[in-house]
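Comments concern the structure below.
Bear in mind that the values here come from a model prediction, so they are computed numbers and not experimental data. Residues take their numbers from the sequence shown, with the count starting at 1.
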Amino acid sequence: MSTLVLVHGFWHGSWCWSEVVPHVVAAGRPAVAVDMAGHGLYARRPRWFTEQPYDPEAVGTEVSPVADVSLDDAAESLTAQLRRIGGGEPVTVVAHSAAGPVLTRTAQRTPELVAHAVYLTAYMPASDVPAVAYTQIPEADDSLVVPLLRGDPSRIGALRLDFASGDPAYRRQLREAFYSDVDPALIEAAAGLLTPDSPVGIMLGTTTLTHGGWGSVRRTYIVCTRDLALLPDVQTRFIAEADAAFPDNPTSVVTLDASHSPFLSMPGELAGILTALG
């Protein structure tokens with residue numbers, strides 16, 4: 001079976017897969033987690049996040065140091081990682097959340113590198129539609145994430161969360177949005193690893209999908225039914241749009257009774273699903 005390449009979503013890093021990888025490897029399948037452009041080892045943090053005293057005005061106005069990162073940049077980075085990991089052979093790529101558009105662009109441009117595209121409660125935008133458009137559809141109205149964003153993304157160049165905030169209500173909503181079924185001690189540990197800025201350019205970019213590109217790649221969507229960040233109705237819309245556009249290559253669907261972060265709340269169960277994927 002092909003190697004699993006695990007790609008995290010916004011504000012996270014490859015570290016978020018650390019509870020999943022051992023289960024997958026123990027089952028006999030190679031797996032590696034990588035950092036997306038502008039995240040993890042490639043992250044750059046705004047000054048307000050580390051400077052003292054805390055400046056709430058700067059949170060909303062400082063231009064992000066990752067404002068220059070585009071969907072093209074993220075896809076080029078992932079493509080290079082896939083070539084290195086697979087040695088030119090196709091691999092199975094698992095994209096979480098906002099890594100979805102990056103996987104889509106990569107699979108469209110280099111379908112020979114992607115044996116199986118797996119979307120874990122991830123953005124899977126239709127042809128020529130930016131991922132950000134799905135934050136504005138009626139199905140997304142009750143998402144807990146948009147009210148948490150700070151600053152104007154078009155001005156600061158990022159989708160920004162204020163992990164330095166001392167507001168109990170704000171911090172509580174952060175936990176509910178991303179980790180509603182995660183152990184509190186694990187939430188605290190993860191919170192210390194999050195990056196406040198994710199490049200809005202990744203969400204603004206679009207990809208023209210073709211039958212010979214993305215449409216030719218086998219795909220699976222893992223729906224998380226208790227997700228309060230990327231709501232289940234939005235997830236099922238992605239699937240419906242993809243299947244309408246490429247009916248000869250329908251999406252396989254798996255359901256998890258999980259929040260937005262099953263890699264932390266149920267890593268063993270998630271690993272079992274991923275390991276079994278061809």
Backbone N/O of Gly272 and side chain of Thr275: donor-acceptor pair under 3.5 Å
no
Gap separating the SG atom of Cys16 from the CG atom of Leu6, nearest 0.5 angstrom:
8.5 Å
d(His8 NE2, Asp35 CG) to nearest 0.5 Å is 4.5 Å
Are the side chain of Gln173 and the backbone N or O of Leu148 linked by a donor-acceptor pair below 3.5 Å?
no
Going from CD on Gln235 to OG1 on Thr121, what distance comes out if it is rounded to the nearest 0.5 angstrom?
3.5 Å
What pairs meet the side chain to side chain donor-acceptor pair (under 3.5 Å) rule with one or both residues in residues 128-139, with sequence neighbours excluded?
Asp128-Thr208, Tyr134-Glu241, Glu139-Arg237
Holding to side-chain hydrogen bond (donor to acceptor under 3.5 Å, both in side chains), I want the full list of residues that pass it with His23, two or more places apart in sequence or in another chain.
none
Indicate whether the side chain of Arg105 and that of Thr207 have a donor and an acceptor atom separated by less than 3.5 Å.
yes
Heavy atoms of Arg160 and Pro46 approach each other most closely as NH2-CB, 3.9 Å
Give a yes or no answer on whether the side chain of Thr206 reaches the backbone of Val129 with a donor-acceptor pair at less than 3.5 Å.
no
Check: Arg171 side chain, Ser165 main-chain N or O, donor-acceptor pair, under 3.5 Å
yes
If we count only N and O atoms by modelled type, under 3.5 Å, do the side chains of Arg29 and Ser2 hold a donor and an acceptor together?
yes
Just checking Arg155: does its CZ atom have more than 12 heavy atoms from other residues, nucleotides or ligands closer to it than 6.0 angstrom?
no
Side chains of Thr236 and Asp233: donor-acceptor distance under 3.5 Å anywhere?
no
Does any part of the side chain of Val7, heavy atoms only, come nearer than 4.5 Å to the side chain of Leu78, both counted from C-beta?
yes
What pair of heavy atoms forms the shortest contact from Asn249 to Val217, and how long is it?
ND2-O, 2.8 Å
For salt bridge (charged side-chain N to carboxylate O under 4.0 Å, His left out), just list the numbers for Arg226 and Asp257, CA-CA rounded to whole Å, side-chain angles, deciding distance to a tenth of an Å, and then say yes or no.
CA-CA 6 Å; Arg226 290 198 283 156; Asp257 183 27; 3.1 Å; yes
Is the distance between the ring centroids of Phe178 and Trp11 less than 6.0 Å?
yes
Reported CG-to-CE distance for the pair Leu209 and Met124, which is rounded to 0.5 angstrom:
9.5 Å
Atom pair OG (Ser77) and CE (Met36), whose distance is rounded to the nearest 0.5 Å:
9.5 Å
Main chain of Trp214, side chain of Gln108: is a donor-acceptor contact present, judged purely on distance under 3.5 Å?
yes
Looking at every non-hydrogen atom in both residues, tell me the closest pair between Ser216 and Pro111 and how far apart they are.
OG-CB, 4.0 Å
Distance (rounded to the nearest 0.5 Å) between Thr210 OG1 and Arg109 CZ
12.0 Å
Under the criterion side-chain contact (heavy atoms from CB on, under 4.5 Å), which of Val34, Leu82, Leu4 is the partner of Val93?
Leu82
Before giving the answer on side chain to side chain donor-acceptor pair (under 3.5 Å), spell out for Ser154 and Asp152 the whole-Å C-alpha distance, their side-chain angles and the decisive distance to 0.1 Å.
CA-CA 5 Å; Ser154 67; Asp152 180 349; 2.8 Å; yes
Sidechain-backbone polar pair: Ser143 side chain, Val145 backbone, donor-acceptor under 3.5 Å
yes
Take the angle between the ring planes of Tyr221 and Tyr119 and call it parallel below 30°, perpendicular above 60°, tilted in between.
parallel
